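Quantities reported herein were computed from a predicted structural model and do not represent experimental measurements. Order of the sequence lines sets the chain letters (A, B, ...), proteins ahead of strands, with each chain counted from 1.
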Amino acid sequence: MTSLVPPADVQGTYDQLIRADKVHGSVYTDPQIFGEELRKIWFRTWVFIGHESEIPEPNDYVRKQFATQDVIMTRDREGAVHVLINRCAHRGLQVCDDDKGNSSSFRCPYHGWTYRNSGELLGYPYNKGYGGKGKLDGLGMGQVPRVDSYAGFVFASMAKEGPTLIEHLGSAKGEIDRLVGLSPEGTVQLDAGWLKHKTRSNWKFLAENETDGYHPQFVHGSIFGVTGSPIGALYSDSSTAVTRSLGNGHSENDLRPEFRKFGEPMRWFGTTPERVPEYVGRMNEVYGDDAERRMIEGAPHVMIFPNLFIAEIQVFNIQPNAVGECVQYSTAVQLGGAPELNRRMVSQSIGSVGPAGMLLADDTEMYERNQRGVEMLDPEWLDVRRGLGRESTDENGFTIGAATDETGMRGFWKHYKSLMEA
Amino acid sequence: MTSLVPPADVQGTYDQLIRADKVHGSVYTDPQIFGEELRKIWFRTWVFIGHESEIPEPNDYVRKQFATQDVIMTRDREGAVHVLINRCAHRGLQVCDDDKGNSSSFRCPYHGWTYRNSGELLGYPYNKGYGGKGKLDGLGMGQVPRVDSYAGFVFASMAKEGPTLIEHLGSAKGEIDRLVGLSPEGTVQLDAGWLKHKTRSNWKFLAENETDGYHPQFVHGSIFGVTGSPIGALYSDSSTAVTRSLGNGHSENDLRPEFRKFGEPMRWFGTTPERVPEYVGRMNEVYGDDAERRMIEGAPHVMIFPNLFIAEIQVFNIQPNAVGECVQYSTAVQLGGAPELNRRMVSQSIGSVGPAGMLLADDTEMYERNQRGVEMLDPEWLDVRRGLGRESTDENGFTIGAATDETGMRGFWKHYKSLMEA
Amino acid sequence: MTSLVPPADVQGTYDQLIRADKVHGSVYTDPQIFGEELRKIWFRTWVFIGHESEIPEPNDYVRKQFATQDVIMTRDREGAVHVLINRCAHRGLQVCDDDKGNSSSFRCPYHGWTYRNSGELLGYPYNKGYGGKGKLDGLGMGQVPRVDSYAGFVFASMAKEGPTLIEHLGSAKGEIDRLVGLSPEGTVQLDAGWLKHKTRSNWKFLAENETDGYHPQFVHGSIFGVTGSPIGALYSDSSTAVTRSLGNGHSENDLRPEFRKFGEPMRWFGTTPERVPEYVGRMNEVYGDDAERRMIEGAPHVMIFPNLFIAEIQVFNIQPNAVGECVQYSTAVQLGGAPELNRRMVSQSIGSVGPAGMLLADDTEMYERNQRGVEMLDPEWLDVRRGLGRESTDENGFTIGAATDETGMRGFWKHYKSLMEA
Amino acid sequence: MTETAAPLAASAATEAPDPDALGPVPDGWDVREVEQYLYREARLADENDYDAWEALWTDDAIYWVPGDDLTADPTRNVSIIFDNRSRISTRMKQVKTGKRYAQAPPSNLRRLISNVELLGGRANGDGGVDLEIGANFIVFESRQRGNTIWGGRTTYRLRREGDQIRLAYKKVVLVDHDKVVPTLGFLV
Amino acid sequence: MTETAAPLAASAATEAPDPDALGPVPDGWDVREVEQYLYREARLADENDYDAWEALWTDDAIYWVPGDDLTADPTRNVSIIFDNRSRISTRMKQVKTGKRYAQAPPSNLRRLISNVELLGGRANGDGGVDLEIGANFIVFESRQRGNTIWGGRTTYRLRREGDQIRLAYKKVVLVDHDKVVPTLGFLV
Amino acid sequence: MTETAAPLAASAATEAPDPDALGPVPDGWDVREVEQYLYREARLADENDYDAWEALWTDDAIYWVPGDDLTADPTRNVSIIFDNRSRISTRMKQVKTGKRYAQAPPSNLRRLISNVELLGGRANGDGGVDLEIGANFIVFESRQRGNTIWGGRTTYRLRREGDQIRLAYKKVVLVDHDKVVPTLGFLV
Ligand code: FES
Ligand code: FES
Ligand code: FES
Ligand SMILES: [Fe+3]
Ligand SMILES: [Fe+3]
Ligand SMILES: [Fe+3]
């Protein structure tokens, strides 16, 4: 509705809509802006698609959502990963209708054209109609031009050129390393399935919320209270945890200061070494002196722009459907060589995330109330000034704020604006 | 659909779309025009929101629809009435989720910001993140700039300046006085609850229909017939009732000439003094010689631009959702000091209005068929000439037509055009 | 969604969107283009509405869909056929709410205005309000300016001037003649009722598919296989059938070469003379030596631009609701004087077409997957080159291709472009 | 426009039921028999068999569809429907004219009645005890407006009169009773 | 495109039932048993157990889903479905190929059968009397097209053959049978 | 954001049921009694009577709502819900705080349970045999988000403990379990 009532005092340029301490509500509700986001962000920058462990074998494939696009993440005969757009080069039919499987090729049901799982056109029936075989060079299923992965996390970019994935990840890369570093085998799998949570909210409310350390005590007080969880304390005024803007729109809640303070291995996981002896043993074996640090500091809590959120033991893939709707795909982290932990992570994740999760269902309620709220006309702005007055720069030159500060959001908007104005 | 097929012969200026004797169908179907109506009518002129009797006590509040806006009508500690926009000044969340209640403040669930029921920001948790208390001057829930009431009817205007409520009501004020004058205590309450009737129709079809004296015999013949109702006769060729354009888009069906003709007290209410002795007694007590006139002339039948309709014993609040959808909120008039009448008015209203009402459900069917009809392309126009040839001017200078004439609609369009061209 | 992401490399002119060998996906997904199609195609050229046999008696009427318009096909007292737009000239109400019936006039429920079944305003109650009777010249229900029929097939055009129906039908006329020529009485009825199949697809996917000889073996293999149907062979590489572009966007799959090859009467109908002796007898009686040819060559398989498809024994009426949705109305051909055949045609049609049809439900699945597919962004184009290299011109100067070629589609697009650029 | 609905002033003086007065399930009732009765009532409503449906009611009938406030006294607050026997009769007469446009043409309807539970006994005005029943329903309504799916909870009270079972009370609470609802023209 | 459906010309000569021929409920039928039978039929349809579902039918089976005109003779007017036993068989064979794309991939389905009433007895071709039953249903269908909720009224005819109960007749009238409906690819 | 849900790490070690272990329907169960029990369970869930609902469960309870892969082992793959008794208890405690925003304010709910079939007996951990039941459902949910209609298939296991009937197992498969679903905050 606000799109019917453009704000009187802004011209709509991103410089006016996005300011140091506030953001205009229309960026969450204007369909034109969403269309521009598709072109300038979702179909240009690196977007998280899935994990290699979902397609372990040659010729495995799984269908995925890539913003508004229906894509297939495939592993070809040689093991290379591709992201294909699910559209036939003949008359544009949706080619693949299975959610996942194993096949070296795809066949379109309409006229029987077939494609290699890397997208090339393999054959077309009655080829005389085209003057014989091999006469349709250049036709094939759409292949997302750039696909790359890090620690098995597969990202895709629709832009033929641009920053590499490593450049895009920048310092967020280290957070993925931290996660992998909790595996005795140095590997992570995301093969426990994905929950699919429909959210009637603009995708940015999710991205901003992921490292918003201000909300947990309020939104999640109900579960913290009944379970006696210590999590709330990590996001309080007295917490030593910091919120860090990692550049390129990435941000994290760095909880290590709190965990170091206690210095208790596995506290980050809400348990003790005694309760997971096998795991602790393997970690000590593999990492020796450094094992304790790893088990004390725990997993990262990082939002990787625009759509990958690693929340310690869960991973979220956020994909937009429309200006006011998106999907949260969530799963449990599974660490190579840690069966003991993995089962617990599955169980905890089921309790926490997804449509009925005791944490995420409440976040999602906020996202949806937020979307309804910004349809209202006054006040027009969202405030993001929290912590602006007490930010500092860390040893690596990153801006950091207190545990409950909006430092991450400001980093998000800085990068968002740079992309939208590009 | 018509928006896909703009009329060939109009440029779309309101002067061309709205003429003395016809109106172009696109004003009911064009989303752009609806957006402009929001800005130039709904968010500028005085709009009926609710009644003070819905929030009798200090700190009472009730949520209301104000066109596309979710608002809260509150009464503060001192008894002043406010209309707040239900959006948090922090990150734009919908703040209040209760339909009604009593509270001196509202708390946003997302980060715990609290607001006084007059909209001012009361507090925000962990205030150090903002440099301490009271550092967020200027932030608060949106307050509709002008709120005023007459006889307890609360109106709001999003325009900081403009005609006063009294100026806007103009002569319609007298009609409200007539209603109040039927109460031995000179008061009206609207505290019998509201029925909420979803209507897939443009709001203007309702506003125009409310004083359309041409339709009752046809649309309501079914109920008039089975109940032997005399109402039909009031809206016939031979009726002495008049349709009056009251200026500012207001209009009425003035039935007094008919009731004066009979000179029977309480006939307007379909009853006799014998059946409501208590009430008649109190009226005579309070108003002496003038009581009889009041009880003969009865209650007004007036449409107050753009959304308040007083239909003798019922009150309607019309609010638009979108170009093709609106909501009718309806309730029974309750007269101070008239318990005997009030129960009957509740019972009659239940029978007449709302989603199952024996009168309004049929009007609503017409509204929806009207909306479907104007999606058709030919003829492009709606005819509003009825009675144009027999209008006259009354002693107060108002245009009046016969009981079945479209005098009220023409007054509506004159004012509508003046606002839309402003 | 693609409308949010306009193709980088086209300016959007039809010359760029529609090329000799490919068509841009946006023509199936862009709401603006759909709006332009309504104006330039649906509301200008001749559109199939229904058949005279649906309203055999004077004053019969039946409601029909005409693109986005709700129309009434009527037969007046004198037997003339009219197509009225279902909108009241007074305030635009939908006038008629019955699907069909017999009446010399229509009455609007809102204020009782009545219309002759040819659209003229008959009367309006309380006419003094208009200065008496007959004062509203020029008001009436919308009448589609041009209505004409051929062999009982009723077509309507919203354009007051333009090619005649016969000119529009051009050579497609001969195909209708072929169908009629299968009736011993030389008549066709479409009075077996219509199935109404909602299809979430752009209408053009249907129009193109109707004479696409490339898909049957793949889409319909399931039913051909289990029933041992010979139909598949008609649409194979080795078939002698031809695809013909008939001009004006019309096209056909001409199966006669195949049927002549076998020279078996009634083979086209999947039966033998022995099984329909009565019919064969009547045909011989009436057509003598020519009867056998007719019974060998069978019924046409022709798509008449933009929305009439005669599929041997079934007739389809395609009507668009929106850019991504249309309706398929289908019925069984009924031949005058062929009761034996007619029952079989009803039974076969029920088995083949409509929402549960063993053929059409599968085509419709393709239409809907096609629509989903073209929402994808890469490849942007649909390929229509099939057979381009082996086309020839027949004795009448029409382009013909092999049984599986896209000759018909290219003819469709040529005409489409000419109308859209007009 | 709305007209003064004077002729509709059927006195709705009947009090709202006292929710505390629920006693044990009276003897002589079988869930199966009750279900079949409710299915029949549903069928008559679905098929617009107005006369047969009206004939089900007792003289002290209450047919109630509350609005948003379920705690409200229907004699002092508005409801979507709050009919006594005479108003039920008026409602039937109106729709039978064929010009009750909200139901002309009539909706196509089918409803599912499920989760039928015998809840207890309720003292009635005749000194007897009515059987109180709870059930959930879904109504699939189709009309030109489009398809609408209605859902809710119905509380029925049945009474034996001679060899007849009669409907004394039917309270229908829509799941979305607190929301904006479209025209409810059929017998819910 | 549509092809001449010659091979589908299974004769549907079976007459439409005479609506006046309904007699009393034949002996030996219990609502509970009937319900369980209908629930099983529903489960087989929901779970695409095509062979077991097909085996329920008698040889003179009629499976009928009328279109907009409920008064039409299905042998002279089009219906959405009007299958005799042999066409039921063809339909099952087609879907079992796995290339009946309207059901490949198959819909996810669950349906509720409710308001089951034994309506009477109907003389059948074998000189016996079939039990005629009425029930209402809602089907929740999910496929890539989206979720669709179907509702309507089903008239069944059951027959005992030895110790088996067989389905002789199933007529499914959709509530919105007179409207435009999407592909109905599953067993309704 | 999501926090480490450590306190939620209730061990869900209970194995997924072996689908092959279904035996004959144990003695002493009547469909009618079972239906009434399921209707009561449904009513308690619809009316947010959390304590009474929680009290239905056995100590070895499993409350399971699978996600898209129905063949997945819930101890190794994510489910929408996979609660053991202690997590059911945690879930109830949370919602009773009144600050479980996904259910504060609570949804308005009514559900239909239909097609109830006694499927067989399933050996339980106590050496006894639980009754396994299948039923279909539709839930009509209304909240500010809008109305949502949920549909699916529920497999229940009931056990007699003394004179009580207890719920040992409830597996709810949504028809659209393989699709994106909105927040499921209520007791399904
Ligand atoms: S559309 Fe894919 S093969 Fe023709
Ligand atoms: S959005 Fe309201 S307190 Fe943060
Ligand atoms: S709108 Fe048709 S008579 Fe007035
Ligand atoms: Fe009216
Ligand atoms: Fe086809
Ligand atoms: Fe959170």
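Proximity to chain E (any heavy atom under 4.5 Å) is shown, for Ile149(F), by both the backbone and the side chain. Heavy atoms closer than 4.5 Å to chain E are found in the backbone of Val116(F), but not in its side chain.
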Using only distance, no hydrogens or angles, which N or O donor-acceptor pairs sit under 3.5 Å between chain E and chain F?
unit_1: Gln36(E); atom_1: NE2; unit_2: Val116(F); atom_2: O; d: 3.0
unit_1: Arg43(E); atom_1: NE; unit_2: Glu117(F); atom_2: OE1; d: 2.7
unit_1: Arg43(E); atom_1: NH2; unit_2: Glu117(F); atom_2: OE2; d: 2.9
unit_1: Asn108(E); atom_1: ND2; unit_2: Val175(F); atom_2: O; d: 3.2
unit_1: Arg111(E); atom_1: O; unit_2: Asn115(F); atom_2: ND2; d: 3.4
unit_1: Arg111(E); atom_1: O; unit_2: Asn136(F); atom_2: ND2; d: 2.8
unit_1: Ile113(E); atom_1: N; unit_2: Asn115(F); atom_2: OD1; d: 2.9
unit_1: Ile113(E); atom_1: O; unit_2: Ser114(F); atom_2: OG; d: 2.7
unit_1: Ser142(E); atom_1: OG; unit_2: Lys179(F); atom_2: NZ; d: 2.7
unit_1: Arg143(E); atom_1: O; unit_2: Lys179(F); atom_2: NZ; d: 3.0
unit_1: Asn147(E); atom_1: OD1; unit_2: Lys179(F); atom_2: NZ; d: 2.9
unit_1: Asn147(E); atom_1: ND2; unit_2: Asp176(F); atom_2: OD2; d: 2.8

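For Val25(E), the side chain to side chain contact (heavy atoms under 4.5 Å, CB included) partners at least two apart in sequence or on another chain are Leu118(E), Leu131(E).
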Q: Run the numbers on Val175(F) and Leu109(E) for side chain to side chain contact (heavy atoms under 4.5 Å, CB included), then give the verdict.
A: CA-CA 6 Å; Val175(F) 175; Leu109(E) 297 164; 5.7 Å; no
